[in-house]
Amino acid sequence: MISDREFNKITDKMLQMEATYTDLIFKEVASLDCSFFETEDNLYSAIPECSTRIQKNDTWGGNKKTGWFKTSYIVDSTTKGKKLFLCADTGALETLVFVNGKPHGVLANKVVIRTRGNHHALIITDGVEEGTIFEFALEAYCWHNEVGTQPFKTEPNGPFDANHPVTFKSVTIALRDEEIKEFAFSLRAINEIAQFTRDDYKRAEAQNCLYEIYRTVSQVPLESGVDYPALKRAVESMNKILKRKNHCDSWPTMYVSGHSHLDTAWLWPIKETIRKAARTYSNAITMMKEYPEYIFLQSSACHADMMKKYYPSIFSDIKEMVAQGRWEPNGGVWIECDCNVTGAEAMVRQFLYGQKFTLKEFNYKSDTFWLPDTFGYSQSLPQIMKHSGVKNFCTTKMSWNDTNVFPYDTFYWQGIDGTSVLANLIDIQMGPTPKWAYTALYEKKRGTRISNSRYNAYGYGDGGAGPSYDLIEIGRITEDIEGVPRVKYSSISSYMDRVREEAFEIPQYRGELYLELHRGTLTSQSEIKKGNRRAEEALHALDAIIATDFVNAKHHDVDMEGLWKRLLINQFHDILPGTCIDEVNIKAVKDLKDLKIDVEKEINKALISDGSLCIYNPSPFKAKDCIVDGKIEGFESITTIDGIKTYIPNINIDSYSSKAISAIENNCCGKISVDGLCVETLTLKLRFSSLGYIESLFDKEEQREVARSLGLDRVFLNEDVPQAWDNWDVDKDLIENLKPFIGDVTIALKETTRSTVTFETIMKLSNKSTLTKLTRIYSDKKQIDFEVLLDWHEKHKLLKAGFDFDINATGLRSEIQFGSIVRPVWKTNTFEEAKFEVSNQKWSDYSEPGYGAAILNDSKYGINALGNLVSLTLQKSGTHPDPMADEGIHSFKYSLLLHSGFSTESVISKAYNFNTSLRVYNGCEKVAPVKVSSSHVVIESLKVSEDNDSLIVRLYECEGTGCNCSLKPSFDCTAEEVNFLEEKQSDCNLDRLHFKAFEIKTIRLYPLGR
């Protein structure tokens, strides 16, 4: 008998045999002459005329080039009635094949199988009559230059340097050898059983089978010729193992669906994603027609909308497959969005417009939030999902943790309000093979007592393409093999229902799903994040104005859905986090600026009319003071980082209302004295250091010092070279070794007005970068504003503003969508230690009972608290995948706010107002259409309903304390409670609304008499 050591050599030989025979499955029967056309444009469904002939070994293409290859084939006597396949070796990375003018599938360069699938042969027909003509058009994308994702990587990222042309080889018609195919895929299954089974006897049986094949089947069929009788005997031998079934109904099972994770932008722009989606979806449809058992999961509604606009024939096929129950348009949202930076109402719109599209186009409502690749998941999501008709959550990303293993793969995820959804950590890109079945259920499975199943959406992705025929073929073999986990097709919706019914004592998990990785995505590409915050605020204001006019029977012809969708696509989980190539980032910054401009034009049109000079407050809270653009006669002019503006200390405008300038009192509330670098107001005494930070801050009302030794608003500048994932990561060693900046600093009094004092600090961060900061102290507020103009030209540097508080806090409370969470600042276990850079929306608060300090921001989402030091991350400058990331001029602001105790009034209302732009206009005063009686129930949004017949009021409890309150409309109406899709849930009594802690309610008000 051969020894185990010698058998290891045979194992390697059998793997090589598998590869050898796999390469022989397709046999060329005709080489096709091609005409050629080259362009840099994306033509989508418009097939161009191709007049140039292209020959074997001709070169073409290069960076961003697309080649169109046109040819035809007439079925002859040798190929009639047979399955025909198209193969191409054009040199391009990805190709969409049109057959008789219709998108038919994808072909991909063999060197990129891992991320785009083994798409080297595409079925054309199951068999047709002699003389049938097929017209082919191949849209072949050469690719484009990009530098990759890892620090210090310099070579081109990809199979070739896109600066250089590629070589055309051939376009061919091929036949598939079914006997070789059966042998090759059966051999793959036996090889994987021999390698990965946990059953020693099963392994021995598979090894013995391999040994018999090794002794009878040639390893070099090209030299000796294919011995078909030997292949037949080998298949019969393998079938003794492969055809034996598991007799137990409860055998472990891997449920599968075809899928392709398709990033809406990443190392390619959105315009290329449209073509990627066309390749992916047309290929899925072609595979469905060949394999009746095959089903496909498609997530982002936006991608289906792309097909509707650019590839209507693909969209028509998708609708047909959805009707047959084989295409699952699940996912829930418009785009697979970021979940940390995206704001509250924007997250609602992701679900609203995603669900609205699938209901309208497919008569399908998503029940699963499909989000495999986003960089952390806010604890607000369970409630947001439930209000959107979504009961399940699926991701893969938690397996990427760099510190801890997440404890479950099946669990009920509980949100901040107590709402639970069924969550499952699924797999993607794992084929339906014995290897991956074993891996999924025996290596990756956590919680074998809970369930004996796992879900895998198979098909390689990131750049689309999805499953190729070979994965479906091996899935057929693996469907039921004795001793191997079963493989069964299932939609994700059906799988989650099965888990809910069959799983044993599903555990509860309460908390955010914090990804212990990619923490730098809270900061990278700060201009995108700033543009996102500004656009969210502007859209919120426009919605409120239109809603206010609606109840007064005034109509505005504004496409709010179209405007919102321009924002939503830029909240994709690589765009908003700042992890795309430069082309994507540049476009996103421009798109968001243009969106803001367009929304402000609509705001002006809606506000301006005959009347007096007014100021409109679109905040859900009363504006007690404000800084507005331009000069207003009779009020204080102040210098800001963006120019001269007007400060009005006693504006007192109600939420969602406006007031005439003439009705505003113009008086100062207190005195300020300045002595060198020392300032005293009614409530504060502070002293600046010569290095520009606040070295002492004394609260006169509370008689206590707030600053510790490092001071407040201390600038930290550190080298930032992650171990991997350059623009994604911030590593813990950097956070634990923050270095205060001690370089070239000047500080001087900039301006004194009746109500404010402003100091200017200039820091030469390096010979390339300068930080100019205005620090504004108010006469009557315990709020200090910091406005920054940053001329930034650093590489691999991280900039923070640190606050060393003399406050005995145990946690940092940070705003998330529709609420807040508290994270410990004194770390006692590895899960807490891993949260060394965390997310916040508009504010974070560091408090002891009865006293604290909040840090407000206008676009900075990353923050850290370690002990007494809280540091807001201001800038990050990785170079991959964007070599020029964050280069240039940036302006932003943040604020330090002291208070006697955390509450809506002391922190939350001020953070909202800090992020709200009050609009100055000539026109009529506006009165809020609704008011709420509770101080800690926020009217987050006002909008006109999607069917334009009612007012939608979205509210939430913001302190984490349940309450009873009333909602008072300014007009006669009937009311009902609806979900985010604006579907009725129940009648409601506006005088008796009960809110649980952090509960969201959406109220629909129908004006009477309409």
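What you see below is based on every heavy atom in this structure, not just the backbone, and it leaves out hydrogens, waters and symmetry mates.
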Heavy-atom closest contact ([X] atom, [Y] atom, distance):
{"X": "Ala346", "Y": "Leu568", "value": "O-CD2, 3.7 Å"}
{"X": "Glu336", "Y": "Pro372", "value": "OE1-CD, 3.8 Å"}
{"X": "Arg954", "Y": "Ile1000", "value": "CG-CG2, 4.1 Å"}
{"X": "Asn915", "Y": "Glu537", "value": "O-CG, 3.2 Å"}
{"X": "Met254", "Y": "Pro432", "value": "CE-CA, 3.8 Å"}
{"X": "Val953", "Y": "Leu967", "value": "CG1-CD2, 4.4 Å"}

Problem - Derivation of the salt bridge (Lys or Arg N to Asp or Glu O under 4.0 Å) call for Arg519 and Asp402 - result: CA-CA 11 Å; Arg519 302 164 180 91; Asp402 63 9; 3.0 Å; yes

[X]: partners by salt bridge (charged side-chain N to carboxylate O under 4.0 Å, His left out), with sequence neighbours left out:
{"X": "Arg446", "result": "none"}
{"X": "Arg326", "result": "none"}
{"X": "Glu837", "result": "Lys800"}

Problem - Criterion side chain to side chain contact (heavy atoms under 4.5 Å, CB included) on Cys988 and Ile1003, from CA distance to verdict - result: CA-CA 8 Å; Cys988 67; Ile1003 308 297; 4.1 Å; yes

Check the side chains of [Y] and [X] for a donor-acceptor pair under 3.5 angstrom, ignoring hydrogens and angles.
{"X": "Ser814", "Y": "Asn840", "result": "no"}
{"X": "His303", "Y": "Asp305", "result": "no"}
{"X": "Glu957", "Y": "His936", "result": "yes"}

Handout entry: Criterion side chain to side chain contact (heavy atoms under 4.5 Å, CB included) on Ile285 and Asn283, from CA distance to verdict
Key = CA-CA 5 Å; Ile285 291 162; Asn283 196 76; over 6 Å; no

Are [X] and [Y] packed together at the side-chain level, in the sense that at least one heavy-atom pair is separated by less than 4.5 angstrom?
{"X": "Arg500", "Y": "Tyr412", "value": "yes"}
{"X": "Tyr455", "Y": "Asp427", "value": "no"}
{"X": "Pro577", "Y": "Tyr861", "value": "no"}
{"X": "Val584", "Y": "Ile575", "value": "yes"}
{"X": "Tyr353", "Y": "Val333", "value": "no"}
{"X": "Ile450", "Y": "Ile506", "value": "yes"}
{"X": "Leu942", "Y": "Pro929", "value": "yes"}

What pairs with [X] under side chain to side chain donor-acceptor pair (under 3.5 Å), at least two apart in sequence or on another chain?
{"X": "Lys996", "value": "none"}
{"X": "Gln379", "value": "none"}
{"X": "His387", "value": "none"}
{"X": "Glu976", "value": "Tyr1006"}

Practice task
Kindly determine whether Tyr956 and Phe995 satisfy ring-ring contact (aromatic ring centres under 6.0 Å, His included), including the steps that lead there.
Solution key: CA-CA 8 Å; Tyr956 77 100; Phe995 283 81; 9.0 Å; no

Practice task
Please test Arg1004 against Ser950 for side-chain hydrogen bond (donor to acceptor under 3.5 Å, both in side chains), starting from the C-alpha separation and ending with a verdict.
Solution key: CA-CA 6 Å; Arg1004 185 171 190 154; Ser950 53; 2.7 Å; yes

Quick one: side chain to side chain contact (heavy atoms under 4.5 Å, CB included) partners of [X], sequence neighbours excluded?
{"X": "Ala344", "answer": "Gln817, Phe818, Glu940"}
{"X": "Glu505", "answer": "none"}
{"X": "Thr448", "answer": "Lys445"}
{"X": "Asn340", "answer": "Asp338, Leu522, Ser839"}

Mind telling me whether [Y] and [X] have parallel, tilted or perpendicular rings, with 30° and 60° as the class edges?
{"X": "Trp725", "Y": "Trp400", "value": "tilted"}
{"X": "Tyr656", "Y": "His540", "value": "tilted"}
{"X": "Trp728", "Y": "Trp266", "value": "perpendicular"}
{"X": "Tyr489", "Y": "Tyr294", "value": "perpendicular"}

Practice task
Evaluate side chain to side chain contact (heavy atoms under 4.5 Å, CB included) for Ser493 paired with Tyr364, printing each intermediate quantity in order.
Solution key: CA-CA 12 Å; Ser493 178; Tyr364 183 95; 4.2 Å; yes

Problem - Heavy atoms of other groups near Asp947 CG, more than 12 under 6.0 Å - result: yes

Exercise for the section: Inspect the contact between Lys943 and Glu946 and indicate whether a charged nitrogen and a carboxylate oxygen are less than 4.0 angstrom apart. Expected result: yes

Exercise for the section: In plain terms, say whether Arg349 and Glu561 are close enough for a salt bridge, that is, a side-chain N and a carboxylate O under 4.0 Å apart. Expected result: no

Exercise for the section: Any chance you could lay out the side-chain hydrogen bond (donor to acceptor under 3.5 Å, both in side chains) test for Gln350 and Gln571, step after step, and finish with the verdict? Expected result: CA-CA 9 Å; Gln350 290 284 356; Gln571 292 178 334; 3.2 Å; yes

Do [Y] and [X] have ring centroids that are under 6.0 Å from one another?
{"X": "Phe406", "Y": "Phe411", "answer": "yes"}
{"X": "Phe315", "Y": "Tyr281", "answer": "no"}
{"X": "Trp413", "Y": "Phe393", "answer": "yes"}

Exercise for the section: Apply salt bridge (Lys or Arg N to Asp or Glu O under 4.0 Å) to Lys444 and Asp409, showing your working. Expected result: CA-CA 9 Å; Lys444 291 194 170 187; Asp409 55 36; over 6 Å; no

Exercise for the section: Apply the test side-chain hydrogen bond (donor to acceptor under 3.5 Å, both in side chains) to residues Ser524 and Thr521: give CA-CA distance (whole Å), side-chain angles for both, the deciding distance (0.1 Å), then the verdict. Expected result: CA-CA 5 Å; Ser524 289; Thr521 59; over 6 Å; no

Practice task
Assess whether side-chain hydrogen bond (donor to acceptor under 3.5 Å, both in side chains) is satisfied between Tyr377 and Thr395, documenting all intermediate values.
Solution key: CA-CA 10 Å; Tyr377 306 93; Thr395 183; 2.5 Å; yes

Handout entry: Sequence-distant partners of Tyr255, ring-ring contact (aromatic ring centres under 6.0 Å, His included), two or more places apart
Key = Tyr495

